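Here the structure is laid out as structure tokens; the discussion comes afterwards.
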Amino acid sequence: MTRGLSRARSAEWFRRAVAVIPGGVNSPVRAFRAVGGEPLFIRSARGAYLEDVDGNRFIDYVGSWGPMILGHAHPEVVRAVEEAVRKGVSYGAPTSLEVEMAEEIGEALPSIEKVRMTSSGTEATMSAIRLARAFTGRRKVVKFEGCYHGHADALLVRAGSGVATLGLPDSPGVLPDVAAQTLVLPFNDERALEQAFEAHGADIACVIIEPIVGNMGCVLPKPGFLSKVRELTERRGALLIFDEVITGFRVGYHGAQGLYGIRPDLTCLGKIVGGGLPVGAFGGRSEIMRWLAPEGPVYHAGTLAGNPLAMAAGLATLRVLKRERETLYPRLERLTTRLAEGIAAEAERCGVPVRVNHIASMLTIFFTDRAVTDWASAATTDRERFRRFFHALLERGIYWPPSPFETAFVSAAHEEAEIEATLEAVREAMRALA
Ligand code: KE4
């Protein structure tokens with residue numbers, strides 16, 4: 001049953017926000033533009049639940065867009081941050097916490113022999129591309145349509161007219177000749193990648209990919225696709241960059257690279273490795289990483305890179321994941337599968353065409369009758385139906401990602417009770433869509 005959310009305080013905060021913050025938010029997806037209506041202002045969160053400024057409680061499937069795999073305010077993370085903050089929050093000097101973080105990351109992801117911390121995923125991918133260009137002496141970057149790697153200019157590029165044609169700016173302010181150095185290909189399209197290498201191979205510095213895509217909604221690599229990307233980049237002397245900002249420590253303790261047995265040359269991380277505080281990271285083979293200043297000539301820096309508070313939150317998170325990995329990840333998979341299959345069954349019962357893509361604790365509902373394997377098929381989702389579905393869930397206490405092209409996340413704090421409550425809300429929401 002819907003309960004008519006009280007939104008007075010959120011509305012008041014949003015009115016004040018839009019007066020002083022562009023769009024009233026510090027990141028566009030939070031503004032509910034894809035689903036309509038005004039965003040809710042969150043006061044606090046604990047476990048699998050959010051509470052907004054009007055006192056409404058929600059089962060949370062955004063999880064801060066990925067970091068909160070343990071759920072909100074996990075006691076071990078809270079304690080680690082409390083202890084760290086009493087020692088001061090930032091020194092601008094090396095700390096043992098950064099060494100421990102680098103060791104933890106390298107142990108979980110053996111392809112990362114050396115790693116640099118940043119303060120966001122954007123900085124991680126931006127720096128990884130600069131490093132790849134310097135290391136190879138080449139200029140071009142290959143990315144895939146529907147993959148998002150943060151907002152560095154080289155990556156805010158949309159596809160040109162053909163797979164071998166140069167990219168076009170995907171935002172005002174990105175210069176055409178910057179965009180022209182980026183090729184944008186269809187995800188899961190081996191032939192397109194071969195054509196790109198045939199046309200530009202000697203000048204392709206790197207291929208950057210979300211090995212499991214979260215940013216067109218959850219889209220899985222077709223069997224053999226990632227191996228093909230690895231083989232082609234290897235053979236043509238381009239670096240393979242796995243953007244695991246979402247999938248790192250999300251789809252397993254060893255990330256997507258562990259799941260698929262692919263060893264990328266560089267990996268970008270973020271979200272979970274910061275436990276919800278501002279963190280990104282990029283790392284890989286020592287022979288590449290030694291090109292970074294001050295050891296090598298490629299510049300990368302950051303006032304708060306490796307910040308002790310962020311390291312404390314990230315280390316506490318990784319240590320819980322490492323300690324509980326044998327049971328935690330299978331349980332997340334079980335709960336997520338129950339949810340995904342339950343949603344598909346409810347839609348089927350109501351005659352609403354959906355495809356629910358899911359893996360580990362990631363899932364996305366596409367309102368389409370086509371298999372969703374790339375941006376073109378993801379874009380067939382019925383956005384109006386998604387909008388109505390989103391609000392029907394919100395009214396019933398379920399906080400789903402406010403965009404049809406994002407991934408929902410199940411956390412370790414979700415129990416069977418939350419999944420069943422969500423499916424009850426889905427049942428009612430689907431009936432309203434039929
Ligand atoms: P940040 O700069 O937002 O920390 O990370 C950029 C980034 C890089 N790579 C991947 C695969 C990512 O998913 C992201 C950021 N993800 C988005 C939404 N999925 C964050 C939400 C937002 O932009 O507010």
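Hydrogens, waters and symmetry mates are skipped; everything else that's a heavy atom, side chains included, is used. Just so it is clear, the structure is predicted and the values come from calculations on it, not from any experiment.
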Open item on the list: Less than 4.0 angstrom from a charged side-chain N to a carboxylate O is my criterion; do R427 and E424 meet it?
Closed with: yes
Task: Close side-chain approach of K140 and R133, heavy atoms under 4.5 Å - done: no
Task: Cation-pi, Y253 ring and R325 (6.0 angstrom, 45 degrees) - done: yes
Task: Donor-acceptor contact below 3.5 Å, side chain T118 vs main chain A305 - done: no
- [ ] For E415, check side chain to side chain contact (heavy atoms under 4.5 Å, CB included) against everything at least two apart and list the hits.
- [x] R331, E418
Task: Side chain to side chain, V142 and T182, heavy atoms closer than 4.5 Å - done: no
Open item on the list: Between E113 and R285 (salt bridge meaning N to carboxylate O under 4.0 Å), is one present in this structure?
Closed with: no
Task: Validation row, ring centre Y49 to ring centre F58 under 6.0 Å - done: no
- [ ] Just say parallel, tilted or perpendicular for the rings of F32 and Y399, cut-offs at 30° and 60°.
- [x] tilted
- [ ] Salt-bridge test for E83 and K87: reply yes if a basic N is under 4.0 Å from a carboxylate O, no otherwise.
- [x] no
Open item on the list: What I'd like to find out is whether the side chain of F249 reaches to under 4.5 Å of the side chain of I69, using heavy atoms alone.
Closed with: no
Open item on the list: Taking R396 first and then E428, would you say they form a salt bridge - that is, a charged N and a carboxylate O separated by under 4.0 Å?
Closed with: yes
Task: Greater than 12 external heavy atoms within 6.0 Å of E384's CD - done: yes
Task: Student check: side-chain heavy atoms of P401 and V62 closer than 4.5 Å - done: yes
Task: salt bridge (Lys or Arg N to Asp or Glu O under 4.0 Å) assessment of E420 paired with R338 - done: CA-CA 9 Å; E420 295 313 314; R338 165 68 186 129; 2.9 Å; yes
TODO: Flag the pair R387 / F390 as yes when at least one side-chain heavy-atom distance between them is below 4.5 Å, and no otherwise.
DONE: no
Task: Residues E107, K322: salt bridge by 4.0 Å N-O rule - done: yes
Open item on the list: Take a 6.0 Å sphere around CZ of R323 and say whether it holds more than 12 heavy atoms from other residues, nucleotides or ligands.
Closed with: yes
Open item on the list: I'd like to know if D265 and R230 make a salt bridge, using a cut-off of under 4.0 Å between side-chain N and carboxylate O.
Closed with: yes
TODO: Apply side chain to side chain contact (heavy atoms under 4.5 Å, CB included) to A238 and list each qualifying residue two or more places apart in sequence or on a separate chain.
DONE: R138, F197, I204, T233
Task: Within 6.0 Å of CZ in R43, more than 12 heavy atoms from elsewhere - done: yes
TODO: Look only at the side chain of H391 and the backbone of R388, and say whether a donor-acceptor pair between them is shorter than 3.5 Å.
DONE: no
Task: salt_bridge(E145, R158) N-O dist < 4.0 Å - done: no
Open item on the list: Counting the benzene-type ring for Trp, do W400 and Y61 have ring centres under 6.0 Å apart?
Closed with: yes
- [ ] Name all residues meeting the side chain to side chain contact (heavy atoms under 4.5 Å, CB included) criterion together with E341; count only those two or more places apart in sequence or in a different chain, and write none if there are none.
- [x] T337
Task: Check: I105 and M117 side chains under 4.5 Å, non-hydrogen atoms - done: yes
Task: salt bridge (Lys or Arg N to Asp or Glu O under 4.0 Å) assessment of R319 paired with E100 - done: CA-CA 11 Å; R319 284 169 176 158; E100 290 177 301; 3.4 Å; yes
- [ ] Establish, yes or no, whether a centroid distance under 6.0 Å links the rings of F366 and F386.
- [x] no
Task: salt_bridge(R130, E123) N-O dist < 4.0 Å - done: no
Open item on the list: So that I know where these two stand, are W65 and F409 an aromatic pair - ring centroids less than 6.0 Å apart?
Closed with: no
TODO: State, with a plain yes or no, whether a side-chain heavy atom of R355 is found less than 4.5 Å away from one of R370.
DONE: no
Open item on the list: Are T247 and I359 packed together at the side-chain level, in the sense that at least one heavy-atom pair is separated by less than 4.5 angstrom?
Closed with: no
TODO: Give the intermediate values and the outcome of salt bridge (Lys or Arg N to Asp or Glu O under 4.0 Å) for residues R7 and E38.
DONE: CA-CA 9 Å; R7 299 169 183 246; E38 294 185 350; over 6 Å; no
- [ ] Output yes when E231 and K228 qualify as a salt bridge under the 4.0 Å nitrogen-oxygen rule, no when they do not.
- [x] yes
Open item on the list: If we ignore hydrogens and angles and just use 3.5 Å, is the side chain of N188 paired with the main-chain N or O of T373 as donor and acceptor?
Closed with: yes
